[in-house]
Participant: 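Here it is, the structure, as structure tokens.
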Amino acid sequence: MAFDGITEKKMKNGKTAIMVRFKYDGKIYPVKNFTKLYGIEKPNEAKKKLDQIKVGISQGIKPFVITPFTLTDVWKKRLETKRTNGKWSAETCRNYGYFFNKHIEPLIGNFKLSKITYDDLKEVVDKMPTIQGGSKNRVQKLIYPIFDDAIKNGILNHNPCKYLEVFKSGNDTNLKHRCKNSNLVIARELYKAIPKYKVHQKSQHQEIINYLFLVLFSAHRIGELLRLTKEMVIIEEELIIAPETITKTKQKYRFPIPPICLDYIKNVKSGLLFPTLQRPSIYNIFQRLLKITDLKFYDGETISPHDIRRVMMNVMVVQCGIDGILADSCLSHQQKGSTKHYVGFEDIHIREAYEKYWDKIVLTDKEYDEKYNKVVKEFTPIVSTISNDEKLIKFHEMFKDGLLTKEEFIEKKKALLQL
């Protein structure tokens, strides 16, 4: 069926374009390539779009205003808008921009929105490492609003992002199914390897080395450690106080500074403790670190910086004999049930738990046993008020989360039942 002013034209590349020329409200508009502007391929689609344009003109909307053409064009405009209006911080813009440029832009960045399919988006997700479940969800998080806006503006009529699978953040696979070594060996191997790590820029040497040590010896979340500033440090007490503004739980927490990091932190004059490091680079730095260890992994498997939280929890509870709820508090986890109302640990409890963990990594088994068999520390009055039922629940949670093996859980359960 023919439509007035709508024709098909054979282009130099051999493809057919839909050309539109029309008059409305006494004004003649020049010929426009609707295929290039809107991805339209059929005359009847062009007629529908033209009707929408005429409605827009009647409402005072200027037609054919230059708009972003490819996904990358739209993304850059969205990123700049978020940066300008303050909806995204500079750090968020940097992280999102890095992610888009690395994972999305190379595959579909030059595609028009109308040409992007579910299969295209799935290919982006499938090419990402299995361990990055949370990161895979970011594809949908960043692209979904772009398609949503296009639908609202009448450019598209469906959003292919809504069909993407939602992945669970982190890797739920038990460490023993990924790494052939025990949690304690993982910690000790990382400790030995960190000083040997070769940085690309010499100016970053101390910064990267001390960041890796802080990841290993504090086991706090990598993003939170990157946002620590000198103003959050109490050098006299060798203590760091992370405010609720930078924590995932939105609650302030305190933890001791590992002695190995103390000199570096003292020498930071002000501002960020790790000013040149960016979150997207941490995963790759950690993977390069693993390559200089003697750790053995099953085919296709690895561990991430976030897994150090599992490592520390296991070493504290299984190797050091630290109460599970105290070890959980060292990770700044929110407690559940009645525990969160009645259990609070002083800095001394947290520090002594950490010191045991540090010593277990740094000392030989003989040196550790000699030190802690001779010195009996009394720091458990608060822990002793926790019922065995609550402790058993905590151990069961750790078992379900892969922090304890079945054998370790059974051993802890037997020990509680014998009390």
Side-chain angles (χ1 to χ4, degrees), residues 170 174-176 182-188 190-191 214-221 224-225 239-240 242 247-249 251 253-258 303 305-340 342-363 368 371-372 376-416 419:
N174 195 303
L175 284 181
K176 72 176 183 178
S182 68
N183 287 273
L184 179 57
V185 171
I186 291 173
R188 286 176 170 175
L190 290 172
Y191 170 70
L214 195 58
V215 169
L216 174 62
F217 285 118
S218 76
H220 282 299
R221 299 177 180 90
E224 294 172 3
L225 295 181
L239 185 71
I240 291 176
T247 65
K248 180 180 179 181
T249 60
Q251 293 185 348
Y253 63 79
R254 305 153 68 95
F255 65 97
I257 299 172
I303 60 175
H306 192 77
D307 285 317
I308 301 304
R309 295 170 66 78
R310 299 169 182 253
V311 169
M312 188 182 85
M313 188 77 166
N314 180 276
V315 172
M316 277 190 171
V317 174
V318 177
Q319 303 291 335
C320 302
I322 295 169
D323 184 90
I325 298 177
L326 174 55
D328 214 27
S329 295
C330 289
L331 290 175
S332 73
H333 279 156
Q334 290 182 315
Q335 300 302 323
K336 301 174 183 178
S338 61
T339 305
K340 66 181 179 182
Y342 299 110
V343 178
F345 296 101
E346 303 292 337
D347 287 345
I348 188 173
H349 302 126
I350 301 294
R351 180 177 295 277
E352 290 180 336
Y354 267 116
E355 287 176 350
K356 272 194 165 186
Y357 169 64
W358 298 339
D359 284 339
K360 192 64 181 178
I361 295 173
V362 175
L363 302 179
Y368 181 88
K371 178 176 181 177
Y372 287 96
V376 179
K377 297 184 178 182
E378 298 179 359
F379 63 97
T380 58
I382 297 180
V383 178
S384 64
T385 64
I386 304 171
S387 71
N388 286 345
D389 287 342
E390 288 179 306
K391 290 182 180 181
L392 186 58
I393 291 173
K394 171 56 64 178
F395 288 139
H396 187 253
E397 289 175 354
M398 291 177 65
F399 169 62
K400 288 195 301 181
D401 292 340
L403 299 173
L404 293 178
T405 64
K406 181 178 180 180
E407 294 75 17
E408 290 166 344
F409 170 68
I410 292 174
E411 183 180 343
K412 291 293 181 182
K413 182 178 179 180
K414 285 182 178 178
L416 281 178
L419 295 177

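All values below come from the heavy atoms of this structure, side chains included, with hydrogens, waters and symmetry mates left out. Note that the structure is predicted; figures quoted are calculated from it, not measured.
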Participant: I'd like to know if the side chain of R188 reaches the main chain of K360, judged simply by a donor and an acceptor atom lying under 3.5 Å from each other, with no hydrogens or angles considered.
Facilitator: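 Side chain of R188 to backbone of K360: a pair is present.
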Participant: Please report the closest heavy-atom contact between A353 and M316, naming both atoms and the distance.
Facilitator: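 Taking every non-hydrogen atom into account, O-CE, 3.7 Å.
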Participant: Any chance you could measure I186, atom CD1, to M312, atom CE, to the nearest 0.5 Å?
Facilitator: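 Interatomic distance, I186 CD1 to M312 CE, rounded to 0.5 Å: 14.5 Å.
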Participant: Just say parallel, tilted or perpendicular for the rings of H220 and Y253, cut-offs at 30° and 60°.
Facilitator: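 Rings of H220 and Y253: parallel, as their planes differ by under 30°.
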Participant: Could you pull out the closest heavy-atom pair between A187 and L216, with the gap in Å?
Facilitator: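 So the two residues come closest at O-CD2, 3.9 Å.
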Participant: I need the D359 CG to Q319 CD distance, nearest 0.5 Å.
Facilitator: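 D359 atom CG to Q319 atom CD measures 14.0 Å (nearest 0.5 Å).
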Participant: Find the distance between CD1 (I303) and CG (L175) and round it off to the nearest 0.5 Å.
Facilitator: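 Rounded to the nearest 0.5 Å, the CD1-CG separation comes to 6.5 Å.
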Participant: Testing the basics here: between V317 and A327, what is the closest heavy-atom pair and its distance to 0.1 Å?
Facilitator: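 In terms of heavy atoms, the two residues are closest at CG2-CB, 3.9 Å.
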Participant: Are side-chain heavy atoms of I308 and L190 found at a separation under 4.5 Å?
Facilitator: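 Yes, their side chains come closer than 4.5 Å.
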Participant: Quick check against the 3.5 Å criterion: does W358 have a side-chain atom that pairs as donor or acceptor with the backbone of P258?
Facilitator: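 No; judged by distance alone, with no hydrogens or angles, the pair does not exist.
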Participant: Can you tell me how far apart SG (C320) and OH (Y372) are? Round to the nearest 0.5 Å.
Facilitator: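 The SG atom of C320 sits 7.5 Å away from the OH atom of Y372.
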Participant: At what distance, to the nearest 0.5 angstrom, does CD1 of I322 lie from OG of S329?
Facilitator: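 These two atoms lie 11.5 Å from each other.
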Participant: Decide side-chain contact (heavy atoms from CB on, under 4.5 Å) for L326 and I350; before the verdict, give the C-alpha distance in whole Å, the side-chain angles of both, and the deciding distance to 0.1 Å.
Facilitator: CA-CA 7 Å; L326 174 55; I350 301 294; 3.9 Å; yes
Participant: Which pair of heavy atoms, one from M313 and one from G324, lies closest together, and at what distance?
Facilitator: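 Taking M313 first and G324 second, the nearest heavy atoms are CE-O, 3.6 Å.
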Participant: Once you round to the nearest 0.5 Å, how far does CD of E224 lie from OG of S218?
Facilitator: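 Spacing of CD (E224) from OG (S218) equals 9.5 Å.
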Participant: Under the side-chain contact (heavy atoms from CB on, under 4.5 Å) rule, what do S332 and R221 come out as? Steps first, then yes or no, please.
Facilitator: CA-CA 10 Å; S332 73; R221 299 177 180 90; 3.6 Å; yes
Participant: Parallel, tilted or perpendicular for Y354 and F255, by the 30°/60° rule?
Facilitator: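 Answer is tilted, since the angle falls between 30° and 60°.
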Participant: Keeping R309 on the side-chain end and L331 on the backbone end, is there a donor-acceptor pair under 3.5 Å?
Facilitator: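 It does hold such a pair.
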